[in-house]
Amino acid sequence: MAKSFAQQIISWYKNHMRELPWRLTEDPYKIWLSEIILQQTRVAQGLPYYEKFIAKYPTVHDLAVAPQDEVLRMWQGLGYYSRARNLHSCAQSVVEDYDGHFPETYEELQKLKGVGKYTAAAIASFAFKKKVPVVDGNVFRVLSRFLVIDKDIADPKNFKLFFEASKELISEDQPDLYNQALMELGATLCSVSKPACLLCPVAEECQARIEGKQTELPIKLKKVKVRKRYFYYLLIEQNEKLLMGKRGPNDIWQGLFDFPLIESKNVLSTPELEKELSSIFPKQKHFKYELSNSVKHILTHQIIEAFFISIDMKKAQIKINGYSWYDEGEVEELPKPRLVDKYLKENFY
DNA sequence: GATTCGTGGGG
DNA sequence: TCCCCAAGAAT
């Protein structure tokens with residue numbers, strides 16, 4: 001009897017797998033941590049963060065008792081910061097509600113903060129050898145090609161179709177290796193633009209390749225709308241200290257620190273800017289300020305054009321709600337958005 | 001259920 | 001320069 005799809009990709013995987021640290025362990029904590037870090041993130045970008053976290057927090061207990069600002073600072077630069085907040089909260093839940101042990105089933109795992117269908121399937125199969133298929137961007141791509149599934153992968157109602165398709169193909173005794181092989185195939189050979197079909201272990205049976213449709217699949221319809229925002233950051237320094245504050249909910253960078261901010265839907269003229277400034281500092285009649293060149297910062301749904309305004313306030317009493325003074329050492333330790341961190345590194349430290 | 005959450009790299 | 005998108009989840 002011919003080798004099954006699962007058998008073929010698993011034997012290919014065994015010969016080509018990259019020996020990443022989270023693949024050389026069965027510790028659910030390490031597997032969970034790696035999966036959270038790798039959500040919407042490439043291995044090359046996430047790997048140093050994984051090493052850093054494991055060194056700082058060897059066990060889920062170490063992570064649970066850490067201060068949240070420290071965890072956010074550790075996460076700085078990786079993006080999607082709700083992952084860090086949920087990571088921390090999840091660690092505390094595992095310690096308090098599960099006696100320090102991760103739950104083992106697909107359903108129970110999804111009750112944890114930051115753990116959805118993909119991550120639950122990954123932990124259940126990698127750590128506990130459960131027969132649950134993972135469905136991520138790679139799986140959508142590989143299966144849509146292998147089976148010629150021309151349904152929109154951006155539409156959540158089509159998730160089940162791929163989940164069930166993979167469930168039909170998953171290995172009975174090596175579900176973990178099957179899932180990893182499927183993702184690795186998508187991450188390496190079965191790439192978005194130029195799939196390396198000549199190297200593919202299942203090219204012979206790939207329906208898209210047979211029909212010459214590799215690059216037409218998968219179908220993804222949704223396009224993101226991008227919003228433009230203009231940030232005028234106020235750099236206010238007194239006695240070697242800088243005024244900074246923690247960002248609140250319902251916007252980007254929740255929990256991270258930045259400077260007092262004037263936001264606008266469009267570029268401000270000099271009079272407009274000065275009017276804004278004087279409304280923030282009503283008591284100051286005249287003060288000097290210096291406006292930086294604009295810095296573009298691109299997010300998934302927003303393009304931010306930022307200006308940094310250094311303000312000379314002399315010895316005036318300055319108080320802005322929600323902001324406090326931090327010296328250089330303290331500023332260094334605060335979790336900050338990339339945009340802010342870069343500016344500080346280039347102009348202050 | 002459509003939207004919103006970062007950042008960096010590749011084509 | 002622009003577009004895509006990468007081991008998704010929460011709201």
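Every chain is numbered from 1, with letters handed out A, B, ... down the list of sequences.
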Given atom CG of A:Leu112 and atom C1' of C:dA9, what is their separation to the nearest angstrom? 13 Å
Say you pick atom P in C:dA7 and the same atom in B:dT3; how far apart are they, in whole Å? 24 Å
Interatomic distance, A:Ile123 CD1 vs C:dG8 C1' [rounded to whole Å]: 13 Å
Whole-Å distance between C:dG8 C1' and A:Lys220 NZ? 11 Å
Give, ordered by number, those residues of residues 137-144 of chain A having at least one heavy-atom distance below 4.0 Å to an atom of DNA chain C; if nothing qualifies, reply none. A:Gly137, A:Asn138, A:Arg141
Round to a whole Å and report the spacing from CG of A:Leu47 to P of C:dA7. 15 Å
Please report the distance separating the P of B:dG6 from the corresponding atom of C:dT11, rounded so that it comes out in whole Å. 14 Å
Considering every strand and a 4.0 Å limit on heavy-atom distances, what is the contact class for A:Ala187: base, sugar-phosphate, or nothing? sugar-phosphate
Between A:Ser166 and A:Tyr178, does any side-chain donor sit less than 3.5 Å from a side-chain acceptor? yes
Please classify the nucleic acid contact of A:Trp22 as base, sugar-phosphate, or nothing, using heavy-atom distances under 4.0 Å. base
Reading DNA chain C from 5' onward, which residue's closest nucleotide shows up sooner: A:Glu35 or A:Lys296? A:Lys296
Interatomic distance where CG belongs to A:Leu185 and P belongs to C:dA6 [whole Å]: 14 Å
Calculate, to the nearest 0.5 Å, the distance between atoms CD and CG belonging to A:Glu346 and A:Leu344 respectively. 10.0 Å
Find the distance A:Asp136:CG to C:dC5:P and express it as a whole number of Å. 14 Å
Expressed in whole Å, how much space separates the C1' atoms belonging to B:dG1 and C:dG8? 16 Å
Do the ring planes of A:Tyr233 and A:Phe231 sit parallel (below 30°), tilted (30 to 60°) or perpendicular (above 60°)? perpendicular
Are A:Tyr81 and A:Trp253 near enough that their ring centres are under 6.0 Å apart? no
Between C:dA9 atom P and A:Gln110 atom CD, what is the distance in whole Å? 8 Å
Compute the ring centroids of A:Tyr49 and A:Trp75, then answer whether they are less than 6.0 Å apart. no
Would you call A:Glu263 and A:Arg229 a salt bridge, using N to O less than 4.0 angstrom? yes
NA contact type, A:Val192, heavy-atom cut-off 4.0 Å: base, sugar-phosphate, or nothing? sugar-phosphate
Given protein heavy atoms under 4.0 Å, the one-letter contact record of nucleotides 5-11 of chain B, with B base, S sugar-phosphate only and - none, is simply BBBBB--
Could you check whether A:Lys241 makes a cation-pi contact with A:Tyr326, meaning its NZ or CZ is under 6.0 Å from the centre of the six-membered ring and within 45° of the ring axis? no
A:Thr119 and A:Gln39: side chain donor to acceptor below 3.5 Å: yes
Report which part of the nucleic acid A:Ser34 touches: base, sugar-phosphate, or nothing (heavy-atom distance under 4.0 Å, all strands). nothing
Side chain to side chain donor-acceptor pair (under 3.5 Å) involving A:Asn86 - partner list, sequence neighbours excluded: none
Distance in angstrom units between A:Lys113 NZ and C:dA10 P, rounded: 9 Å
Are any side-chain N or O atoms of A:Tyr343 and backbone N or O atoms of A:Phe348, one a donor and one an acceptor, separated by less than 3.5 Å? no
Does a side-chain N or O from A:Lys225 land closer than 4.0 Å to OP1 or OP2 of B:dT3, or not? yes
